[in-house]
Structure formats: structure tokens, C-alpha cells
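A short write-up of the structure that comes next.
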Amino acid sequence: MEKPIIRLLYRKIINVASNDAWEKLVFEDTYKEFLMQAQTFDPERKYPTFAHLLHSVPGADRLHFLVGPSVVGYLKQLNGKMPDIINVVDKHFMPFKNYRFEIINSDRRDKAVHRVAINFISEPFVWHSTINDRLLVSAIGGKADENDGDLTEMFVMQPFLSIFSIKQSTDDHAI
């Protein structure tokens, strides 16, 4: 039986208004790293904003890549589960291994302008059904035992969560 295999993407935006302790630490460390890395591209400080740097300095788009490692330790604290995404029994469940870090905006003169995103990409799931605003999925190979069927998770689709990729599988959950 043909079942879709999906991967989800959750875009976590972090800015000065973020209230969670983890988010505040990510905000502070990415801003400090941005300040340090921006000096490489603009030692004379002619271009104070991220947008000005991108527009005026060749190679400044590498700042995403150069600032990104400042979040690795914080991502490890998540133990491979996406933040904010919970199932219908209030448990974090969505596994991720891959992510993309992005600087949305920043300004070396005004910390309040600093805004980043971490785009979490889930591991593959079998998509069994959609019930109203909820998706019913199971992990690839996620069986309790041979007679029990697939172990499932149900969760609500929410803002900044979307289907990242989809493909059809014809042979019992193979990718």
C-alpha cells in the first residue's frame, strides 16, 4: 500500500522579545558572534547592518555559516527533539538531525534589531492521515512488535511548521 513519507520543517525565530531562557542564550551568543564575524567583512565599520553588509561586501552572505556554529551547543541541549512541537499528549517527540541557521536581520549599533531563525528539519515519517488540523504519523520502522502495527504520533499543525518534503513509498515504509 502506498503511503506518503514526509519530512517537516519548523522555523524557530529568535529575537530580543524571546522569553524562554534557551532562546535568550541563543539570542545573546548569536549576536556576540555576529559582532565578531562582521568585523572580518567590515573592519572600518562602514556598514552597520546585516543588510548593508550583504549588499555592499562580497562574501558577506557567509555570515550565516560563520555565526551558525554558535548555536551547536544549544541544539545539543534539545536532545534531538524539536522545540515547541508537541504531540496531543503534550510531549516533545519530533526528532531532528539537520537544521539550517539563518540571520534574518542584525545591526551592530542596536542589539534589539538582531533576529535569527533556526530551521529544524525532521527525520522522515510515514503520513497515515490528517484529522482536522492534526497529522497522524509514524516513524520509519516504528513498530511495537510484529503484531501491533505502527506506533503513531498525532500533533497539531501550527504556525512555522510545514511539510518540507514528500514522496510516495510503495514497499512498507522504505525510503
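All figures in this text were calculated on a predicted structure; none of them were measured in a lab. Reckoned from all heavy atoms, side chains included, excluding hydrogens, waters and symmetry mates.
- By the 30° and 60° cut-offs, the orientation of the rings of Phe93 relative to Phe155 is tilted.
- Here the shortest heavy-atom pairing between Tyr31 and Arg109 reads OH-N, 4.3 Å.
- Nearest heavy-atom pair across Pro95 and Met82 is O-CE, 4.5 Å.
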Margin query: Set out, in order, the CA-CA distance, both residues' side-chain angles and the distance that settles side chain to side chain donor-acceptor pair (under 3.5 Å) for Ser138 and His128, then state yes or no.
Written below: CA-CA 8 Å; Ser138 63; His128 295 283; 2.7 Å; yes

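- The backbone N or O of Ala17 lies less than 3.5 Å from a partner atom in the side chain of Asn15, making a donor-acceptor pair.
- With hydrogens and angles disregarded, no donor-acceptor distance shorter than 3.5 Å links the side chain of His92 to the backbone of Ile86.
- The minimum heavy-atom distance linking Ser18 with Ile14 is given by the pair OG-CA, 3.6 Å.
- Counting heavy atoms from C-beta on, the side chains of Phe96 and Leu9 never come closer than 4.5 Å.
- The side-chain heavy atoms of Met157 and Arg134, taken from C-beta on, include no pair separated by under 4.5 Å.
- The environment of His52 atom NE2 is sparse: at most 12 non-hydrogen atoms of other residues, nucleotides or ligands sit within 6.0 angstrom.
- In this structure, the side chains of Leu75 and Ile118 come closer than 4.5 Å at one or more pairs of heavy atoms.
- No salt bridge links Glu153 with Lys91; every basic N to acidic carboxylate O contact stays at or beyond 4.0 Å.
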After noting the C-alpha distance and the side-chain angles of Ile121 and Tyr99, does the key distance pass the side chain to side chain contact (heavy atoms under 4.5 Å, CB included) rule? CA-CA 6 Å; Ile121 302 166; Tyr99 70 94; over 6 Å; no

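- With a 4.5 Å cut-off on side-chain heavy atoms, Leu53 and Leu63 count as touching.
- Close placement of the Phe27 and His114 rings is indicated, their centers lying within 6.0 Å of each other.
- The residue from Ile6, Leu8, Leu136 that alone fulfils the side chain to side chain contact (heavy atoms under 4.5 Å, CB included) condition with Trp127 is Ile6.
- You'll find the side chain of Leu78 reaches within 4.5 Å of the side chain of Pro83, heavy atoms only.
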Audit row: Ile166, Ile5, side chain to side chain contact (heavy atoms under 4.5 Å, CB included) steps and yes/no: CA-CA 6 Å; Ile166 185 169; Ile5 304 294; over 6 Å; no

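- Residue Asn119 forms a side-chain hydrogen bond (donor to acceptor under 3.5 Å, both in side chains) with just one option from Arg100, Lys12, Arg11, and that option is Arg11.
- Listed here is the closest heavy atom pair of Ile104 and Phe50: O-CD2, 4.2 Å.
- Counting all heavy atoms, side chain and backbone alike, Gln39 lies closest to Arg108 at N-NH1, 4.1 Å.
- Summarising the geometry of Asp84 relative to Gln158, their closest heavy-atom pair is O-NE2, 3.6 Å, with the distance given to 0.1 Å.
- Met154 places none of its side-chain heavy atoms less than 4.5 Å from the side chain of Val137.
- Using the six-membered ring where Trp is involved, Phe120 and Tyr10 have ring planes that are parallel, under 30° apart on the 30 and 60° scheme.
- The side-chain heavy atoms of Ile140 and Val126, taken from C-beta on, include a pair separated by under 4.5 Å.
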